[in-house]
Amino acid sequence: MAYDPNNIFAKILRGEAPCFKVYEDEMTLSFMDVMPQAEGHTLVIPKFPAENLFDLDPDFVAAQAKTTKIVAAAVKRAFDAPGIMIAQLNGPAAGQTVFHFHTHIIPRSAGIDLALHARKLADFDLLKKHAERIKAELAD
Ligand code: 5GP
């Protein structure tokens with residue numbers, strides 16, 4: 001399947017669609033997932049038109065990993081999360097629904113089940129507050 005430049009994350013990268021941004025550098029962008037599976041669910045995407053891991057330029061694989069580590073540490077602190085799940089889905093058979101490569105950062109706590117994947121839109125005021133919490137940790 002060819003990369004679709006009109007997928008929602010490509011639009012976010014071009015500034016054609018909004019997002020609750022937490023971090024950005026030359027090669028990556030990180031923002032809140034609008035249908036979070038847990039409070040603090042954050043995404044990291046490369047500024048590279050790859051549908052999945054197999055299409056991603058190796059330099060961007062490295063940049064993606066670096067940003068994921070930085071943002072995951074901030075999410076962990078911001079939500080006082082005992083655990084952080086990192087997930088990355090490749091292909092519809094794996095459950096991928098947006099076809100621009102991305103990594104999920106999801107806070108986990110014992111006894112709190114994950115919400116269903118990409119089902120329920122969160123309150124945007126709450127997402128904005130969550131983004132502010134993560135940004136405050138990144139600024140420290
Ligand atoms: P995937 O299933 O491809 O691994 O994950 C796609 C993720 O993107 C889902 O967790 C879904 O909630 C999230 N998502 C879908 N549309 C949007 C959107 O317009 N904005 C943001 N920020 N997240 C989205």
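Note that ligands are numbered from 1 as they come in the structure, with each ligand's atoms numbered from 1 the same way. Values reported hereafter were calculated over all heavy atoms of this structure, with side chains retained and with hydrogens, waters and symmetry mates removed.
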Any donor-acceptor pair under 3.5 Å from S30 side chain to L43 backbone: yes
Heavy-atom nearest neighbour in the protein, as seen from atom 11 (C) of ligand 1, with distance rounded to 0.1 Å: D33 OD1, 3.4 Å
Quick one: does any side-chain atom of K47 pair with a main-chain N or O of D25 as donor and acceptor, under 3.5 Å? yes
For I8, take its heavy atoms, then give the atoms of ligand 1 lying under 4.0 Å from any of them. 18 (C), 19 (O)
Nearest neighbour in protein (non-hydrogen) for atom 17 (C) of ligand 1: V34 CG2, 3.6 Å
Tell me the contacting part of F31 for ligand 1: side chain, backbone, both, or neither, using a 4.0 Å heavy-atom threshold, strictly below. side chain
Side chain, backbone, both or neither: the part of L89 lying under 4.0 Å from ligand 1 by heavy atom: side chain
Around atom 15 (C) of ligand 1, find the nearest protein heavy atom and jot down its residue, atom name and distance. M35 CE, 3.5 Å
Closer than 4.0 Å to some heavy atom of F9 - which atoms of ligand 1 meet that? 8 (O), 23 (N), 24 (C)
Between E51 and H100: side-chain donor-acceptor atoms closer than 3.5 Å: no
What protein heavy atom sits nearest atom 22 (N) of ligand 1, and how far off is it? M32 O, 2.9 Å
Do side-chain atoms of K76 reach the backbone of A81 as a donor and acceptor pair under 3.5 angstrom? yes
Of the protein's non-hydrogen atoms, which lies at the shortest distance from atom 5 (O) of ligand 1, and what is that distance? H102 NE2, 3.0 Å
Would you say the side-chain atoms of R108 pair up with the backbone N or O of M85, donor to acceptor, closer than 3.5 Å? no
Does a donor on one side chain and an acceptor on the other come within less than 3.5 Å for T103 and Q64? yes
If you count every heavy atom of other residues, nucleotides or ligands that lies below 6.0 Å from D80 atom CG, does the total exceed 12? no
For R133 and A78, work out which heavy atoms get closest and say how close. NH2-O, 3.1 Å
Is the backbone N or O of G40 less than 3.5 Å from a side-chain atom of T42, with the two atoms forming a donor-acceptor pair by type? yes
How does H117 reach ligand 1, by side chain, by backbone, by both or by neither, if only non-hydrogen atoms under 4.0 Å count? side chain
Check each heavy atom of H104 against ligand 1 and say whether those closer than 4.0 Å belong to the side chain, the backbone, both or neither. side chain
Give a yes/no on ligand 1: does G95 have at least one heavy atom closer than 4.0 angstrom to it? yes
Test F9 against every option in F48, F31, F99 by the ring pair (Phe, Tyr, Trp, His ring centres under 6.0 Å) rule and name the one that passes. F31
Does only the side chain of T97 get under 4.0 Å from ligand 1, or the backbone, or both, or neither? Count heavy atoms. both
May I ask you to list the atoms of ligand 1 that are less than 4.0 angstrom from any heavy atom of A118? 9 (C), 11 (C), 12 (O)
Quick check: V98 and ligand 1, any N/O pair under 3.5 Å apart? yes
